[in-house]
2 protein chains.
Amino acid sequence: MLSLHQLTCFLATYEHRSLTRAAEELGYAQPSVSEQVRTLERHLGVPLFRRVGRGVVPTTAADTFRPHAERVLAAADEAQSAVASIRSFETGTIRFGMFGVARLYGGAGLVADVLERYPGVRVELVGRHSMDVQENLRRGHLEAAMIAVAGLSSEGMAITPIARDELVYVSADPTRLTSPMTAKRLAEAPLVMAESTYRDSDSARIVLRRMLHEAGYNPGTRIEVEDVETAVELVGRGLADTVTNKGAAVQLLPRLAPDAGWVSLRPRLYDTLAIVHRAGATLSPAARLMIELATQRIQAIIEPV
Amino acid sequence: MLSLHQLTCFLATYEHRSLTRAAEELGYAQPSVSEQVRTLERHLGVPLFRRVGRGVVPTTAADTFRPHAERVLAAADEAQSAVASIRSFETGTIRFGMFGVARLYGGAGLVADVLERYPGVRVELVGRHSMDVQENLRRGHLEAAMIAVAGLSSEGMAITPIARDELVYVSADPTRLTSPMTAKRLAEAPLVMAESTYRDSDSARIVLRRMLHEAGYNPGTRIEVEDVETAVELVGRGLADTVTNKGAAVQLLPRLAPDAGWVSLRPRLYDTLAIVHRAGATLSPAARLMIELATQRIQAIIEPV
DNA sequence: CGTTCCCCTAGGGATCCCCTAGGGCTCCGG
DNA sequence: CCGGAGCCCTAGGGGATCCCTAGGGGAACG
């Protein structure tokens, strides 16, 4: 089996025209280098040096082999330094999972943070929804993520809550916003809810459903849409009300439903934003970086837990 | 220490997304591949795969590392096949030592033989004189050679005689060519001799000197020149006579001295053409090839020993 | 002709390479 | 829900390799 070590010994010997000096340069004893070169010759089936009295003389085969050997070692160096530059964030790709509406919570700013500090890296923020992200985590396609979680239990996952995001009731009808929304009134309201695909597993909707259920209600929604934006826009048109994260409401109301307002629920409900990764995994430097930056960003916007 | 073996295991694992299948492909047990990959990860300081339930998933570091690893292995393959093609004479340089006037004995034909059989190779016929060649052999710059030797002893050299080349007396004076040349008459003749640089060590001149010395003569030469051609030309002009190899005389007389002729010496003297290389050396395929071809050529022209 | 230089061989200790055996986790089908 | 299958892991051991020191021998040089 050809080895890089053999090539190193060969090149040092070639350049010094001497096994002894090659060994000195490499920090080995002379017979060690001699053995490596001999093994290489045996492997190639061609003598590379003629042992002549004092010193060694390269054969024409060695002349031909040398540039190839140099190329191999150069490629190996390059491979290692490529990884080294990944480790120091000079290059490489950082992939991180994010809940779907992270764009409303400064996801772009997070990417900007990373790129400012490490201009050479590529950044991938992956995830159309927290559940989608959890699936990717489970399959190993993601190392770590920041998502919204309903409870704090998920098989084999380490979940670290970092902030809580209040759920609020949004309506274009001012009379419904005069006091905190109770389960009773909520159950009677015509609702448009976002995240239709993940209606069963969306954390906000789980929390909401649980609250209504405990109060004895089992309500349906009037309208199902995917985007929070669409839901808010429908609220703005007075076609329904909705429940969404306070952060989303603050962001979207002025633009999409200027006449609507929001009010807390009674009891208050919260979505938990958390850092999630596989339990027991040692996180890469890139993941730790993203976790730190994402946590800072979120906690600057939303109430820390 | 980075090794090619680690890279091989890494790539197989990357492609199969599985250590087990990588091990199958490579013909190892699964823990062996696992260990190689782990060692590589430790060496690079970066995890390359996430071990997830069933199978492994490459990290972005692995994505970046892969093309580099492939380049290294490709370069290594190329290096090996470059040498393999030397071994099979598809390429590379064949260097062979030759006595200086080999051009008169079909040296060009020898090169043609090699190139015809192995169009890709470079051929170097090295040596301005047999002594010069012996020096290069001694220093290891040449592996093997065909040269003229006076005796059959040379320290540490393996000498295999393959042909003998008679020495003849060349003159433009027909009266001197009526009978074989004796030492007595030779000592009295005005001589032009070639190989002035190597006058002391040239094999033909050693043989000649020995013959004269044994007969009690200690003659000088009238003219010293380097080239046989010049010597023969001077003979053609009647300025002196010369002693040279019969092969050279046959070649050169018609062209350079049409009126001159040659006659044997009494006793007959011979230059010995021999294959020479370091004693105890194992010859490379290239050297064996050249020895065979050169021997065939020479023995087709000159009387085999 | 002795000294020096440099390669070789010999032999042994440490390391590594790769194996088998067995444990734990995940996924899947009954 | 539970057993089987798939896959990775660790543990431990045999054999090869790596690298060392010690010493021999040939070539170069004063």
Side-chain angles (χ1 to χ4, degrees), chain A residues 1-10 12-14 16-43 47-58 134-135 137-141 154-157 278-282, chain B residues 1-10 12-14 16-43 47-58 134-141 154-158 278-282:
Chain A
M1 179 68 106
L2 187 68
S3 82
L4 296 176
H5 190 201
Q6 291 165 2
L7 298 185
T8 309
C9 290
F10 162 72
T13 305
Y14 187 97
H16 287 103
R17 300 289 196 269
S18 158
L19 290 163
T20 301
R21 273 186 289 282
E24 274 168 24
E25 181 195 306
L26 300 175
Y28 294 123
Q30 174 270 321
S32 305
V33 176
S34 173
E35 185 180 349
Q36 291 299 321
V37 172
R38 204 178 324 115
T39 308
L40 179 60
E41 286 177 321
R42 188 155 34 81
H43 177 76
L48 294 169
F49 298 97
R50 272 188 291 283
R51 278 67 171 175
V52 39
R54 195 181 287 221
V56 293
V57 179
Q134 277 194 289
E135 180 68 15
L137 281 167
R138 212 172 40 82
R139 290 190 184 160
H141 297 148
S154 197
E155 280 303 309
M157 288 294 165
R278 312 189 127 255
T282 37
Chain B
M1 178 66 108
L2 188 68
S3 82
L4 297 176
H5 189 201
Q6 291 165 2
L7 298 185
T8 309
C9 291
F10 162 72
T13 305
Y14 187 96
H16 287 102
R17 299 290 196 268
S18 158
L19 290 163
T20 301
R21 273 185 290 282
E24 272 167 25
E25 181 195 305
L26 300 175
Y28 295 123
Q30 174 270 321
S32 306
V33 177
S34 173
E35 184 181 351
Q36 291 299 321
V37 172
R38 205 178 323 119
T39 308
L40 178 60
E41 287 176 322
R42 188 155 33 80
H43 177 76
L48 294 169
F49 298 97
R50 271 189 291 284
R51 277 67 170 175
V52 37
R54 195 180 287 223
V56 292
V57 179
Q134 276 194 290
E135 179 68 15
N136 275 316
L137 280 167
R138 214 170 38 81
R139 291 192 183 158
H141 297 148
S154 195
E155 280 304 308
M157 289 295 167
R278 312 188 127 257
T282 37

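Values reported hereafter were calculated over all heavy atoms of this structure, with side chains retained and with hydrogens, waters and symmetry mates removed. Each chain gets a letter, A, B and so on, in the order its sequence line appears, and its residues count up from 1.
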Please report the distance, rounded to the nearest Å, between [atom1] in [X] and [atom2] in [N].
X      : N       : atom1 : atom2 : answer
R50(B) : dT26(C) : CZ    : C1'   : 17 Å
E24(A) : dC7(C)  : CD    : P     : 10 Å
F49(B) : dC9(D)  : CZ    : P     : 11 Å
L19(A) : dC8(C)  : CG    : C1'   : 10 Å

Spacing of F10(A) atom CZ and F49(A) atom CZ [to the nearest 0.5 Å] |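 Those atoms lie 5.0 Å apart.
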[X] side chain near [N] phosphate (N/O to OP1/OP2, under 4.0 Å):
X      : N      : answer
R21(B) : dG6(D) : no
R51(A) : dC8(C) : yes
S18(A) : dC6(C) : no
T20(A) : dC7(C) : yes

With a cut-off of 3.5 Å and sequence neighbours excluded, list every side-chain donor-acceptor pair involving residues 32-40 of chain B.
residue : atom : partner : partner atom : Å
S34(B)  : OG   : R38(B)  : NH2          : 3.1
T39(B)  : OG1  : E35(B)  : O            : 2.7

Using modelled atom types only, decide if a donor and an acceptor are shared between the side chain of E41(B) and the backbone of L48(B) within a distance under 3.5 Å.
->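 Side chain of E41(B) to backbone of L48(B): a pair is present.
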Working for side chain to side chain contact (heavy atoms under 4.5 Å, CB included), residues L4(B) and M1(A) | CA-CA 9 Å; L4(B) 297 176; M1(A) 179 68 106; 5.8 Å; no
Listed by chain and number, what are the ring pair (Phe, Tyr, Trp, His ring centres under 6.0 Å) partners of H5(B), not counting sequence neighbours?
->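 Testing H5(B) for ring pair (Phe, Tyr, Trp, His ring centres under 6.0 Å), a comparison that skips the adjacent residues, returns Y28(B).
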For the residue pair E25(A) and H16(A), confirm or rule out a side-chain donor-acceptor distance under 3.5 Å.
->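 Looking only at side-chain atoms, H16(A) and E25(A) do form a donor-acceptor pair, the distance falling under 3.5 Å.
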Which letter, B, S or -, goes with each nucleotide of nucleotides 12-26 of chain D from 5' to 3', with contact meaning a protein heavy atom under 4.0 Å?
-> ------SBBBB----
